[in-house]
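Structure, as structure tokens:
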Amino acid sequence: MKKEDVLYMFPEHMRAGWRAVAERAEKLQEIRLRANKSAAVLIDNREWFVDRAGRLLDRQPREEGTLPEELEAVLKHLCQYSVYAFADEIRQGFLTIQGGHRVGLSGQVIMEEGNKVRNLKYIRYLNIRMAHEIKGVSEAVLPHLYGADGQIRNTLLISPPGCGKTTMLRDIIRNVSDGTRYGKGVNVSVVDERSEIAGSYLGIAQNDVGIRTDVLDGCPKKEGMMMLIRSMAPQVLAVDELGDEGDIWALQMASGCGCRLIATMHGSSLEEIRGKKYMRNVMEEGLFDRYLVLTRKNGCCETEGIYDREGRICLN
């Protein structure tokens, strides 16, 4: 992140108030804007409030907060003054902007028949999450994920929220695609349902996911996996945040077609994942050869352990 990247997220008339935040762009993690509340930012895991003069304060200032019309101006600017073009993303509660940064949206929901969300209006809450690509984060685990045949093993990353599983997944994908000393590069297909892996903007990946990687952006995992198998003939298929029987079924179909698999799932341990009803048969049948468990200790994300299909710790 550069300071110019932060400033360009705001309309020109608002940029002067964000210069102090922009000066700390390298450590910036989140910008939260709420109607009638002071803006809040997360910098190097510490929360600060931003007053209307652009100063960083450790407590909320006693002054008028962000006006609803200011929020609308920021949203229009982020959508390049064509909100309609981003309607599908907005309906899902987020949009991805240039640089791969992700903007969470909240406001009043408009429903349609079938209990489906048709749109959001009166958007009064924005959460701009900065994309932080960390190349090389997977180097220490790669030796455990490749087989003697030079092919990536079917791998499931397990992690609680905020422990870096998507960052780890992205770097594994990049390495598998480009090739490493453990195996040559292969064609990888990614179902990026929420635009968090590749961070695509106008269809182009903003994050480095490798030279042999194809991305299906904004598509549900189950449908996306089947589409990619039919259209892109991947050697490796990668998805983020498995969540139900449908996702697991699609993975099993992909495995049956000869694809190697890399996926993630929320959880704090291998035992917790084994306790999920829809995962029991999968684990008993040995769909995954490796389980990579991430955790957070003393405020830092780290690898808790790497396990084989029987749940034994891997040493090589």
Is [X] reaching over with its side chain to a backbone N or O of [Y], donor-acceptor style, under 3.5 angstrom?
X	Y	answer
Glu304	Ser269	no
Arg153	Tyr146	yes
Asp178	Ile211	yes
Glu63	Asp51	no
Arg52	Gly65	yes
Asp244	Asp247	yes
Gln29	Asp44	yes

Given the rule that I, L, V, M, F, W and Y join up when any side-chain heavy atoms are under 4.5 Å apart, are [X] and [Y] in one cluster?
X	Y	value
Leu67	Leu71	no
Leu75	Met9	yes
Ile110	Tyr125	no
Tyr81	Ile128	no
Met227	Leu261	yes

Minimum heavy-atom distance between [X] and [Y], given as atom pair plus value:
X	Y	answer
Ile306	Arg290	CG2-CD, 4.1 Å
Leu120	Gly93	CD1-CA, 4.1 Å
Pro68	Asn36	CD-OD1, 3.8 Å
Ala40	Glu47	CB-OE2, 4.2 Å
Arg174	Gly136	NH2-N, 3.4 Å
Leu237	Met225	CD2-CG, 3.5 Å

Any side-chain heavy atom of [X] within less than 4.5 Å of one from [Y]?
X	Y	value
Asn187	Met232	no
Gln151	Lys184	no
Val50	Val21	yes
Ile31	Phe10	yes
Ile262	Leu169	yes
Leu156	Leu287	no
Lys165	Glu241	yes
Leu142	Glu139	yes

Do other residues, nucleotides or ligands put more than 12 heavy atoms under 6.0 Å from [X] [atom1]?
X	atom1	value
Lys276	NZ	yes
Glu26	CD	no
Arg55	CZ	no
Tyr8	OH	no
Arg274	CZ	yes
Tyr278	OH	yes

Do NZ/NE/NH1/NH2 and the carboxylate oxygens of [X] and [Y] come within less than 4.0 Å?
X	Y	value
Glu284	Arg309	no
Arg312	Glu310	yes
Arg260	Asp149	yes
Asp88	Arg91	yes

Going from [atom1] on [X] to [atom2] on [Y], what distance comes out if it is rounded to the nearest 0.5 angstrom?
X	Y	atom1	atom2	value
Met130	Glu133	CE	CD	16.0 Å
His144	Tyr307	NE2	OH	12.5 Å
Asp240	Arg170	CG	CZ	9.0 Å
Ile248	Asn281	CD1	CG	11.0 Å
Tyr291	Asp308	OH	CG	9.5 Å
Ser177	Ile152	OG	CD1	12.0 Å

Kindly list each side-chain donor-acceptor pair under 3.5 angstrom involving residues 192-202, sequence neighbours excluded, with atom names and distances?
from, atom 1, to, atom 2, distance (Å)
Asp192, OD1, Ser195, N, 3.4
Asp192, OD1, Glu196, N, 3.0
Asp192, OD1, Ile197, N, 3.0
Asp192, OD2, Ile197, N, 3.2
Asp192, OD2, Ala198, N, 2.8
Glu193, OE1, Lys221, NZ, 2.6
Ser195, OG, Asp217, OD1, 2.7
Ser195, OG, Asp217, OD2, 3.4
Tyr201, OH, Gln80, OE1, 3.4
Tyr201, OH, Gln80, NE2, 2.5

Checklist entry - After noting the C-alpha distance and the side-chain angles of Arg212 and Val186, does the key distance pass the side-chain contact (heavy atoms from CB on, under 4.5 Å) rule? => result CA-CA 6 Å; Arg212 299 178 182 87; Val186 297; 5.7 Å; no
Checklist entry - Of Leu292, Thr295, Leu270, which is the lone residue that meets side chain to side chain contact (heavy atoms under 4.5 Å, CB included) with Ile158? => result Leu270
Checklist entry - Between the side chains of Glu70 and Thr66, does any donor sit under 3.5 Å from an acceptor? => result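 The criterion, which ignores hydrogens and geometry beyond distance, is not satisfied for Thr66 and Glu70.
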Item to check | Any side-chain donor near an acceptor of the partner, Thr180 and Asn175, under 3.5 Å | outcome: no
Checklist outcome for this item: Applying ring pair (Phe, Tyr, Trp, His ring centres under 6.0 Å) to His266 and not counting sequence neighbours gives none
Next on the checklist: Walk me through whether Glu4 and Lys2 qualify under salt bridge (Lys or Arg N to Asp or Glu O under 4.0 Å).
Outcome noted: CA-CA 5 Å; Glu4 292 82 8; Lys2 300 178 180 178; over 6 Å; no
Checklist entry - For Arg280 and Glu285, what are the C-alpha separation, side-chain angles and deciding distance, and is it a salt bridge (Lys or Arg N to Asp or Glu O under 4.0 Å)? => result CA-CA 9 Å; Arg280 291 173 189 167; Glu285 294 169 2; over 6 Å; no
Next on the checklist: Apply side-chain contact (heavy atoms from CB on, under 4.5 Å) to residues Met279 and Glu245 and explain how you reach the verdict.
Outcome noted: CA-CA 8 Å; Met279 286 295 294; Glu245 291 90 342; over 6 Å; no
Item to check | Step-by-step side-chain contact (heavy atoms from CB on, under 4.5 Å) determination, Thr166 to Thr264 | outcome: CA-CA 8 Å; Thr166 303; Thr264 75; 5.6 Å; no
